[in-house]
Amino acid sequence: MNGIVLAALTVGGTGIVIGILLGIAGKIFHVDVDPKETEIREVLPGNNCGGCGYPGCDGLAAAIAAGEAPANGCPVGGVPVALKIGAIMGTAIDDTKKMVAYVHCGGDCEKSKIQYEYTGVEDCAMMAYVPNGGSKICNNGCVGYGNCKRACPFDAIEIVNGVAVVQKEKCRACKKCMAACPKELISLVPYDAVSHTACSCTDKGKVVIVQCDAGCISCMKCQKNCPSGAMKVINNVPTIEYDICINCGKCKEVCPRKSIV
C-alpha cells in the first residue's frame with residue numbers, strides 16, 4: 001500500500017514540477033502577436049492552398065499585418081475577403097476584379113491532329129520524354145492528362161475531349177493549376193471577360209494548319225479589327241490585354257480559325 005502511495009506522490013509531484021517549468025518557459029519565450037494578424041487570420045478562408053505565395057493562411061496573415069503583402073493577397077477569398085482585410089488594415093482596395101484560370105488551348109481530340117497512339121504513363125510532365133512530346137502533332141498544346149486537374153483543390157478543372165477546361169464558377173484563382181501545367185498554358189483572366197485566346201502555338205501559319213484545326217495562323221485579323229487595341233499577336237500567339245479590352249467580341253467574330261472563343 002505504501003508503494004502505491006509513494007508512486008502516486010512521485011507521479012503527481014513530477015507533474016507539478018513539469019507544469020511549473022512549462023509555465024516559466026511560456027513566460028520567458030512568449031512572443032507577442034499583432035492583434036491585426038489574428039483578426040486577418042480569422043477572415044481568411046483557411047484553405048491553406050499556397051496560392052498567395054506564402055506558407056498557408058497563417059503565413060499570409062503575418063505578411064499582411066507586417067505590411068509585406070497586399071490586403072487583397074488571397075486569391076481564394078477574392079473581393080469579399082479583401083474588403084474585410086482592407087477594413088482591418090485601414091487601407092483602400094483598388095483592384096477588386098475577380099479572376100479565374102483559363103486554359104489557352106482549343107486543340108481537343110477532334111481538332112488536334114494525332115501522329116501516333118500513345119500508351120503509357122498519363123502524366124503531362126512525362127510527355128517531355130516521349131517522341132515529339134506526345135501523340136498530338138502540336139507541341140504547344142494541352143496533352144490532356146490532367147496534371148492541372150489533380151492539382152486543383154477546388155475540383156474546378158475537367159478534361160473534356162482531351163483538353164483541360166476550367167469551370168469558372170468553381171475556380172478560386174489559387175494558381176495551383178498554373179504551376180502544375182508544364183506547357184504554361186494556363187493564366188488568370190477576368191471573370192467577366194467575354195473573349196479568350198484558345199491557342200498558344202508559336203509556329204507559323206502553314207505549320208499550324210497541318211497540326212490543328214483550331215490553331216491560330218497569325219493572320220492578324222483580330223489585331224487589325226480590335227477597336228480598343230487590346231488584341232496583340234505576339235510571337236504568332238494572339239494575346240488580349242484585358243485592362244483595355246472593352247468586351248466587344250469583335251476579335252472572335254473575325255477569327256477565321258475560331259482560335260478566339
Side-chain angles (χ1 to χ4, degrees), residues 15 17-104 125 147-157 164 166-193 196 230 239-245 247:
V17 172
I18 292 175
I20 292 172
L21 292 176
L22 288 174
I24 295 173
K27 291 290 185 180
I28 295 175
F29 298 106
H30 173 71
V31 177
D32 291 326
V33 177
D34 189 338
K36 289 184 178 180
E37 180 180 334
T38 302
E39 291 182 57
I40 294 170
R41 181 61 187 86
E42 292 176 353
V43 169
L44 291 172
N47 293 90
N48 292 311
C49 63
C52 58
Y54 290 89
C57 295
D58 289 339
L60 177 60
I64 294 176
E68 299 172 356
N72 59 352
C74 175
V76 176
V79 177
V81 169
L83 293 175
K84 291 178 182 178
I85 294 176
I88 294 172
M89 295 297 294
T91 58
I93 304 300
D94 296 325
D95 184 12
T96 56
K97 185 180 295 183
K98 183 178 179 179
M99 306 293 282
V100 293
Y102 183 81
V103 183
H104 297 277
N147 286 32
C148 54
K149 174 180 171 63
R150 291 188 287 273
C152 178
F154 305 102
D155 195 29
I157 299 180
V166 178
Q167 301 177 53
K168 71 176 189 177
E169 297 298 335
K170 292 184 178 181
C171 180
R172 295 295 179 270
C174 70
K175 300 181 182 179
K176 289 278 189 175
C177 58
M178 294 171 60
C181 179
K183 298 291 185 72
E184 299 183 351
L185 298 175
I186 307 174
S187 69
L188 295 184
V189 301
Y191 174 86
D192 57 358
H196 302 293
T239 306
I240 300 175
E241 295 183 23
Y242 289 102
D243 290 338
I244 58 176
C245 177
N247 284 337

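Position 1 is the first residue of the sequence, and the numbers go up from there. As the structure is a computational prediction, the values presented were derived from the model and not from experiment.
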request  = Report the C-alpha distance between F154 and N47 in whole Å, list the side-chain angles of each, state the deciding distance to 0.1 Å, and finish with yes or no for side chain to side chain contact (heavy atoms under 4.5 Å, CB included).
outcome  = CA-CA 10 Å; F154 305 102; N47 293 90; 3.3 Å; yes

So with a 6.0 Å cut-off around [atom1] of [X], is the heavy-atom count from everything else above 12?
X: K175; atom1: NZ; answer: no
X: E184; atom1: CD; answer: no
X: K168; atom1: NZ; answer: yes

For a 4.5 angstrom cut-off between non-hydrogen side-chain atoms, does [X] reach [Y]?
X: P75; Y: R172; answer: no
X: K176; Y: P153; answer: yes
X: V76; Y: C49; answer: yes
X: I64; Y: K36; answer: no
X: D243; Y: E241; answer: no

Roughly how far apart are [X] [atom1] and [Y] [atom2], rounded to 0.5 Å?
X: L185; Y: Y102; atom1: CG; atom2: OH; value: 11.0 Å
X: D192; Y: N247; atom1: CG; atom2: CG; value: 6.0 Å
X: I157; Y: C181; atom1: CD1; atom2: SG; value: 9.0 Å
X: C152; Y: Q167; atom1: SG; atom2: CD; value: 9.0 Å
X: C174; Y: N48; atom1: SG; atom2: CG; value: 12.0 Å
X: R41; Y: C57; atom1: CZ; atom2: SG; value: 4.5 Å

Of the non-hydrogen atoms in [X] and [Y], which two are nearest, and what is the gap between them?
X: A101; Y: I186; answer: CB-CG2, 3.8 Å
X: A180; Y: A151; answer: CB-CB, 3.6 Å
X: M99; Y: A173; answer: O-CB, 3.3 Å
X: I40; Y: M89; answer: CD1-SD, 3.7 Å
X: K149; Y: D155; answer: NZ-OD1, 4.1 Å
X: P45; Y: G77; answer: CG-N, 4.2 Å

task = Go through the steps for Y242 and H196 under the test side chain to side chain contact (heavy atoms under 4.5 Å, CB included), then give the verdict.
result = CA-CA 10 Å; Y242 289 102; H196 302 293; 2.8 Å; yes

task = Step by step, work out the side chain to side chain contact (heavy atoms under 4.5 Å, CB included) result for C74 and L60.
result = CA-CA 8 Å; C74 175; L60 177 60; 3.8 Å; yes

task = Would you sort out whether I85 and L44 count as a side chain to side chain contact (heavy atoms under 4.5 Å, CB included), showing the intermediate values?
result = CA-CA 9 Å; I85 294 176; L44 291 172; 3.8 Å; yes

request  = Tell me, please, whether Y191 has K98 positioned over its six-membered ring: NZ or CZ under 6.0 Å from the ring centre and within 45 degrees of its axis?
outcome  = yes

